[in-house]
Structure formats: C-alpha cells, structure tokens
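Below is one structure, written out as structure tokens; comments come after it.
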2 protein chains.
Amino acid sequence: MTEPAEISSLTLNRLSLYLRCLRQLQDAGTTHVSSGQFAQHFELSASLMRKDLAHFGEFGIRGTGYRVDDLAARLTTLLGLDRIHNLAVVGMGSLGSALARYLSFNDKPFRIVAAFDVDGRKVGHKIGHLVIHHSRDIPEVIPQTEAQIAVLSVPASAAQQCYEDLTVSGIEAVLNFAPTQLKQHPAVRTKSVDFQINLEELAYFLSS
Amino acid sequence: MTEPAEISSLTLNRLSLYLRCLRQLQDAGTTHVSSGQFAQHFELSASLMRKDLAHFGEFGIRGTGYRVDDLAARLTTLLGLDRIHNLAVVGMGSLGSALARYLSFNDKPFRIVAAFDVDGRKVGHKIGHLVIHHSRDIPEVIPQTEAQIAVLSVPASAAQQCYEDLTVSGIEAVLNFAPTQLKQHPAVRTKSVDFQINLEELAYFLSS
DNA sequence: CTGCGCTTGTGACATCGTGCACAAGTCGGT
DNA sequence: ACCGACTTGTGCACGATGTCACAAGCGCAG
C-alpha cells in the first residue's frame, strides 16, 4: 500500500507538521512515542495521525508506539526532504529578501540558486554569494540553473507576468506570495501563501 | 438569513478573494458582472461563489448579475474591512520588518500600533514613526495600546512564550508566522501562515 | 401587459475529510 | 508458553465541502 492514489494536501501538510514535532522530540531526547502521547503533547488528533501515516504503509509497533528516529527518517524520505531542492526567488523586495535569508540560513533541504528583481539598482548586487538577475532574464537564466521551484514574492501587479515567464522556463512548481489570484498553468504545481487573506479572516471575527 | 451559524474559514477566505477580484474589476471600469463571467475570469467556481454569498443574504439581481460597486461595498462591510484594526507586530527580524512595511505602506484597514523585539540593539529604534519595545514588556505595553490583533514573526523557539504573553495581555487574535505548532488559547483566535510547510508540499510532488 | 432569455438562489446529491471503536498484533512478566 | 496490558491499523459512520440542476425572479422587447 505505497502511493496508489494522489495524497491530499491536508494529509501532506500534516505529515510535514508531524515531522517537525518529531524533531522536537528528538531534541528532547525522546526515543519512543505513542500516537496518543504525541497527539496530546502537540494538540493533534491521534487517530488522524495514524490514518495519515496509513496512506504510506505501517510505521509503528503495536503495543509500543513509534520509534521517533525511525518515523522521522521515514517521513523525511517520504516527503522528499532528504534531497536538495533548488529554488529561484523572484522579487527581492523586503519580503523576498526575508525569505531568501531564512532559506539560506539553515540546513534545510532547500537551496537558492537564482534571484531576480526588476529594480535596476538591485540587479548585479549580491544576496549572500548570489547575483541578482533582472526579471526580464528569467526565461534565459532559469534553464541554466537547476531550479525546480520558484518563490514568487513580487507585487500583485507583476505576479501573473512573472508566473508565466517562470512556467515557460521549465519551472516545475511555484510558491506564490503575491496577494492575487493567479491564472494557473496546469503543468506547474502552484500554491499560494496569502497572509492578507488570513489577516482579514481574523479581522472578521473581531468585527462581529 | 444573516449570520446564524459560524461561517467556515474556507468560505470566509473566498469572500476576501472575491472582494480582491471585484476591486480589480472596479479598476478596469466594469460595473456589472454575472457569477459566470466572474468565475471564468478569475478561475473560480460560479456556483460556489453564489453559495458563499448566500450565507449572508441576497446580493445579486436575477437575470442581470451583480453590481460590482455594490457587492464590493457590501463585502467590505461584511468582512469588517470598513473599520481600522490595530496590529501589534512581535519580532522585528527581516520577516517582521517586511510585514510591517507592507502593512504600513498602503491604505488597508490595518494599522500597526506597537512593535516588539528581543534584540536590545533594536529596542528604542523606530520603524516608521513607531518605537520598538522589548518583548518582555508585551504584557505592559499592549494594554496601553488598542491592539486587537498580533502578528507573531519570531523564531519558532520563542513563539510559544510570546504567544502566551500576548494572550494574557488581552490580544483577541494572533496571526502566527513561526514554523511551530502553537498550543492555542481557546479565547484567542489563532491562525498560522506556514510557508515552510507549503514549500515542503511542493517538494513532495517533485520527488515522486 | 405578456413572453422570453438570462441569472440568481437553493435543494439534492456526490465527494472528501475526520472521529470512533474495535480487531489484530506486540511486548513484558510470570 | 501463556496471559494481560497496551497500541496500531482500519472499517464504518458522520459531518463538512463542493457540484449540479432547476425553480424563482428580474428586465427588456414588442
């Protein structure tokens, strides 16, 4: 019972979350954990966790629970986080720079291999050891890199154009931070992180 | 049929999205739109839009569609975006600064009224016209402000502590950017924007 | 005033996601 | 070797979410 059908986003996102929690347990020196303990500690659902894992096989030991190291390792592999993924960051405003810094800072399986901006004053400058290219050169530069995923942190007005440039450049996935509804290309897996909408949701509940 | 039951997050987030799209139409000079046209233009579902709106009453004219200005205005009111909401930003790293800049930059109904950081070198400095306070003073400073919503952009290791300081200070809602699973306070509406998890989801689909 | 074309609002239905409860299975003690 | 305590993995039921199709309603033309 390995990957038969497409796994849902919800399940996948929870798996990332489980892995993160497991790392916390590792740091605390915990070696074994049951789904019940785990769920209580992190305010998650035990049965849902077991069901999420069940999509990919059997990970636990009945009567005992899960070995933290083992489960963490298997989730890491399963999510593809044991390999390096190359990123291109498009839009080096304050948000793009913050994301770039965050992603360069650590030992995570993401590596920035290209950066773009429209601002002529930024082009040519370096962010870390990486030269910033002009956004108009996306179709030329991307194929020279091994970038698979693009992080789109440009103003909403420029997002669609950049998105399309990226799709024709052979980018396989895009993580969009621009507060706009992208017309998606079917061959490119696209997700949006829209903090404005989340903020507005909170505002709603205060206004009632 | 005004607000009888709790509206789901999904519906609410789509309403924000509709409003955003309507503003685009306003800028383009469009005065009337049917749900079909709207859905096709923005790649959304027409029937779902109608159902989302139906939670709050009747907004359209049968046979004609929706008046763009009218619907935008009613959604604005409905979502509470016709009032100013006061924000506190906790964590003035690169991400927090980027968010603060973004939120100060425009005419949106959010206003930053307090900023915090643990870094002694930042405390006392100004971001715009706002003094940065030390994070340890959250319980003292927040009640003096009218802050209702907190934006939490601190490292994961500090997030839980800051969150709890905020909850005891009378904050009503928290938008968390730290990549960690918060133990939530029931009286405080809390949402997380976790770009790391979204990135990992994209990575998964590339690895298969 | 009447009829026609169009669009909304909505009930019925299908699909998806989650909680519950228990059979299957494992470990340690005796 | 067996028993009992415990936990996983899973079938089932329920609730939430989205799609479809159509009746109700509106405006315009004649």
Side-chain angles (χ1 to χ4, degrees), chain A residues 1-18 21-22 25 30-72 74-75 78 181 197 201, chain B residues 1-18 21-22 25 30-72 74-75 78 181 197 201:
Chain A
M1 212 176 266
T2 47
E3 301 101 323
E6 183 106 328
I7 302 298
S8 89
S9 266
L10 293 163
T11 296
L12 227 33
N13 290 351
R14 280 191 300 266
L15 289 176
S16 287
L17 189 58
Y18 300 152
C21 294
L22 286 167
L25 291 182
T30 310
T31 58
H32 292 257
V33 70
S34 74
S35 64
Q37 295 169 325
F38 189 87
Q40 192 163 17
H41 194 325
F42 296 105
E43 296 195 336
L44 300 165
S45 154
S47 58
L48 189 49
M49 177 195 184
R50 296 200 299 272
K51 194 160 282 240
D52 286 334
L53 294 176
H55 285 106
F56 294 93
E58 310 207 348
F59 295 82
I61 305 153
R62 299 184 186 212
T64 304
Y66 300 89
R67 281 183 32 216
V68 174
D69 289 341
D70 179 49
L71 184 54
R74 291 183 66 182
L75 282 181
L78 209 147
Q181 174 74 351
I197 281 184
E201 180 188 337
Chain B
M1 214 176 270
T2 46
E3 301 98 322
E6 183 104 329
I7 302 299
S8 89
S9 265
L10 293 164
T11 296
L12 228 31
N13 291 350
R14 279 192 300 266
L15 290 175
S16 287
L17 189 59
Y18 301 152
C21 294
L22 286 166
L25 291 181
T30 311
T31 59
H32 292 257
V33 71
S34 74
S35 63
Q37 295 169 323
F38 189 86
Q40 190 162 18
H41 193 328
F42 296 105
E43 296 195 337
L44 299 166
S45 154
S47 57
L48 188 51
M49 177 196 186
R50 296 200 300 272
K51 192 158 281 231
D52 285 335
L53 294 175
H55 285 107
F56 295 93
E58 308 207 348
F59 295 83
I61 305 154
R62 298 182 186 214
T64 305
Y66 301 88
R67 280 186 31 218
V68 175
D69 288 342
D70 179 49
L71 185 55
R74 293 182 66 182
L75 282 181
L78 208 146
Q181 174 75 350
I197 280 184
E201 180 187 337

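Proteins get letters first, then strands, A, B, ... in listed order; numbering begins at 1 in each.
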Between P of dT7(C) and CZ of Arg67(B), the distance in whole Å: 18 Å

Which nucleotides of nucleotides 13-19 of chain D have their base under 4.0 Å from a protein heavy atom (B), which only their sugar-phosphate (S), and which neither (-), written as one string 5' to 3'? ----SSB

Does a nitrogen or oxygen in the side chain of Tyr66(A) sit under 4.0 Å from OP1 or OP2 of dT26(C)? no

Between CD1 of Ile7(A) and P of dT18(C) the distance, given in whole Å, is 13 Å

For residues Ser35(A) and Ala46(A), report the shortest heavy-atom separation together with the two atoms involved. O-CB, 3.6 Å

Listed by chain and number, what are the side-chain hydrogen bond (donor to acceptor under 3.5 Å, both in side chains) partners of Glu201(A), not counting sequence neighbours? Ser9(B), Lys191(B)

For a quick test of reading the model: is some side-chain N or O of Thr64(B) closer than 4.0 Å to OP1 or OP2 of dC26(D)? no

Any side-chain heavy-atom pair of Thr30(A) and Phe38(A) under 4.5 Å: no

Can you give the donor-acceptor pairs under 3.5 Å from side chains of residues 11-18 of chain A to other protein atoms, not counting sequence neighbours?
from	atom 1	to	atom 2	distance (Å)
Thr11(A)	OG1	Ser8(A)	OG	3.3
Thr11(A)	OG1	Asp52(A)	OD1	3.4
Arg14(A)	NE	Asp52(A)	OD2	2.7
Arg14(A)	NH2	Asp52(A)	OD1	3.0
Ser16(A)	OG	Glu200(B)	OE1	2.9
Tyr18(A)	OH	Asp52(A)	OD2	2.7

In whole angstrom, give the distance that lies between atom NE2 of His55(A) and atom P of dT18(C). 10 Å

So, for Glu43(A) and Gln181(B), which heavy atoms are closest and what is the spacing to 0.1 Å? O-NE2, 3.9 Å

What is the distance, to the nearest angstrom, from the CG atom on Asp70(A) to the P atom on dT7(D)? 18 Å

Rounded distance in Å - CZ (Phe59(A)) to C1' (dG9(D)): 12 Å

Separation of atom CD in Gln37(B) from atom P in dC6(C), rounded to whole Å: 12 Å

Once you round it to whole Å, what is the distance between C1' of dC20(D) and CE of Met49(B)? 18 Å

Phe56(A) atom CZ is separated from dT8(D) atom C1', nearest whole Å, by 18 Å

Candidates dT10(C), dG9(D), dT8(C) - which lies nearest the side chain of Glu58(A): dG9(D)

If the condition is side-chain hydrogen bond (donor to acceptor under 3.5 Å, both in side chains), which residues does Arg74(B) pass it with, not counting sequence neighbours? none

Atom pairs and distances, side-chain donor-acceptor, residues 56-71 of chain B, under 3.5 Å, sequence neighbours left out:
from	atom 1	to	atom 2	distance (Å)
Asp69(B)	OD1	Gln26(B)	NE2	2.8

Pull out every protein N or O sitting under 3.5 Å from an N or O of nucleotides 22-24 of chain C, one pair per line with the distance.
from	atom 1	to	atom 2	distance (Å)
dA24(C)	N3	Arg62(A)	NH1	2.9

